[in-house]
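I have placed the structure first, in the form of structure tokens, so that the comments after it can refer back to it.
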Amino acid sequence: MTKRLNLSGQLEISRLVYGMWRVADDSDTSPAHVQAKIEACLDQGITTIDQADIYGDYGAEAVMGAALKAAPGLRDRLEIVTKCDIIAPIGKYSERRVKYYDTSAAHVTAAVEASLANMATDRIDLLLIHRPDPLMDHHDTGAALDALVASGKVRAVGVSNFKLNDWTLLQSAMKTPLCTNQVEASVLHSAPFIDGDIAWMQERGIHPMAWSPLGGGSLFGAEGAKVRAVLERVGAEQGVDTTAVAVAWLLAHPVGIAPVMGTNNLDRIRAISDAERVQIDRETWFEILTAARGQEVP
Ligand SMILES: NC(=O)c1ccc[n+]([C@@H]2O[C@H](COP(=O)([O-])OP(=O)(O)OC[C@H]3O[C@@H](n4cnc5c(N)ncnc54)[C@H](OP(=O)(O)O)[C@@H]3O)[C@@H](O)[C@H]2O)c1
């Protein structure tokens, strides 16, 4: 069973998180099948589901909402994460001329109302600002986030893809502590471990969430071939799947990462969940890093 992770005293989530970016890409989007995916997660102790208003051309939240409506009681067993601020010329915004970000209080507040309705729920456990917005008025955005928490519609707030400066700017205008930063990190995207992006979170006791922990599937293509050989060997030694080793590599970092897996395959949900019983010692961690980068550390 996956462990729990306390996000800055604001919210407890499961250490492994299930992401629904791809839920609408599945050939089966029926409430029964989505419910089966959620139940497969719950069987592993994965109680935290990651969403965003934009997923599935602004349709993924409603796909999940239909499943929650069909299974009363299911919602109360979950922590629901969702995100807002990306406006792309698709789905309900198809008339827009260009993709852009909107962190205005009016947009963030309206986006939360839409997400609540789409997911047939009265609260969002964790709301993330999806991407840093160069036009963010931090007082306006911060006040909106504080008000959403005060209203009870949102239990905790965080950000995604933020650099340190974006974080400190927004936090400076808020009463509520930001509790996480969801960033890309994997064996194929190891830069954050080297360039300081993980270091500032570690210094502040922030547990990041890691999106695309399997490189969005590219671990299984040409790009992943060299590191896959090492992951396969470690997996064979410890009796787990390659995917579990890739996720365990993230779990081994002392910052305390919550990887967000995105498979639509029920068997893979189970296989990836073995990550928490994989042992990655320091030498193996660097062996995986070296294979992924194609060169040893300096
Ligand atoms: N905050 C952000 O900006 C942001 C950006 C991107 C994603 N996210 C979040 O992160 C979540 C995970 O992202 P992700 O879906 O890219 O994660 P991922 O777990 O790295 O990749 C999932 C993809 O890998 C494939 N895959 C997994 N195991 C495989 C195997 N053994 N062989 C071949 N293919 C395999 C899956 O296909 P199958 O379905 O066939 O298993 C799926 O297409 C998303 O759902 C979303 O919640 C956040």
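Note that ligands are numbered from 1 as they come in the structure, with each ligand's atoms numbered from 1 the same way. Owing to the predicted nature of the structure, the values given are computational and were not obtained by experimental measurement. FYI, side chains are in, hydrogens and waters are out, and symmetry mates aren't considered; it's all heavy atoms of this structure.
- The N/O atoms of Gln182, backbone and side chain alike, include one that comes under 3.5 Å of an N/O atom in ligand 1.
- Only side-chain heavy atoms of Arg131 come within less than 4.0 Å of ligand 1; its backbone N, CA, C and O stay farther off.
- When ring centroids are compared, Trp21 and Trp211 stay outside the 6.0 Å threshold.
- Within the structure, ligand 1 lacks Met209 among the residues with a heavy atom less than 4.0 angstrom away.
- Using modelled atom types and a 3.5 Å distance limit, the side chains of Thr2 and Glu276 yield a donor-acceptor pair.
- Judged purely by distance below 3.5 Å, without hydrogens or angles, the side chains of Thr263 and Asn265 never pair a donor atom with an acceptor atom.
- Atom 25 (C) of ligand 1 has its closest protein heavy atom at Gly217 CA, 3.9 Å.
- Between Ser115 and Asp53, the side chains place no donor N or O within less than 3.5 Å of an acceptor N or O (distance only, hydrogens not considered).
- The closest approach between Lys83 and ligand 1 falls below 4.0 Å for a heavy atom of the residue.
- The protein atom (non-hydrogen) at minimum distance from atom 34 (N) of ligand 1 is Phe220 CD1, 3.7 Å.
- For atom 37 (O) of ligand 1, the closest non-hydrogen atom of the protein is Arg268 NH1, 3.9 Å.
- Aromatic ring centres of Trp249 and Phe193: separated by under 6.0 Å.
- Ser14 places a side-chain N or O within 3.5 Å of a backbone atom of Thr47 that can act as its donor or acceptor partner.
- Using a 3.5 Å distance cut-off with no hydrogens or angles, the side chains of Gln295 and Thr290 do not pair a donor with an acceptor.
- Between the side chain of Asp197 and the backbone N or O of Pro192, no donor-acceptor pair lies under 3.5 Å.
- Of the candidates Tyr18, Trp21, Tyr55, Tyr55 brings a heavy atom nearest to atom 9 (C) of ligand 1.
- The part of Asn161 lying near ligand 1 is the side chain, judged by heavy-atom distances below 4.0 Å.
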Q: Kindly determine whether Met261 and Ile46 satisfy side chain to side chain contact (heavy atoms under 4.5 Å, CB included), including the steps that lead there.
A: CA-CA 11 Å; Met261 67 171 88; Ile46 299 171; 3.6 Å; yes
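- Side-chain contact, Ser160 with Gln182: no donor N or O sits under 3.5 Å from an acceptor N or O.
- Each of the atoms 38 (P), 39 (O), 41 (O) of ligand 1 lies under 4.0 Å from some heavy atom of Thr263.
- At least one N/O-N/O distance between Ser212 and ligand 1 falls below 3.5 Å.
- Of all protein heavy atoms, the one closest to atom 15 (O) of ligand 1 is Arg22 NE, 2.6 Å.
- Here is the list of ligand 1 atoms found below 4.0 Å of a heavy atom in Asn265: 41 (O).
- Backbone and side-chain nitrogen or oxygen atoms of Asp50 are examined, and one is located within less than 3.5 angstrom of a nitrogen or oxygen of ligand 1.
- Considering backbone and side-chain atoms alike, Met261 places every N or O at 3.5 Å or more from each N or O of ligand 1.
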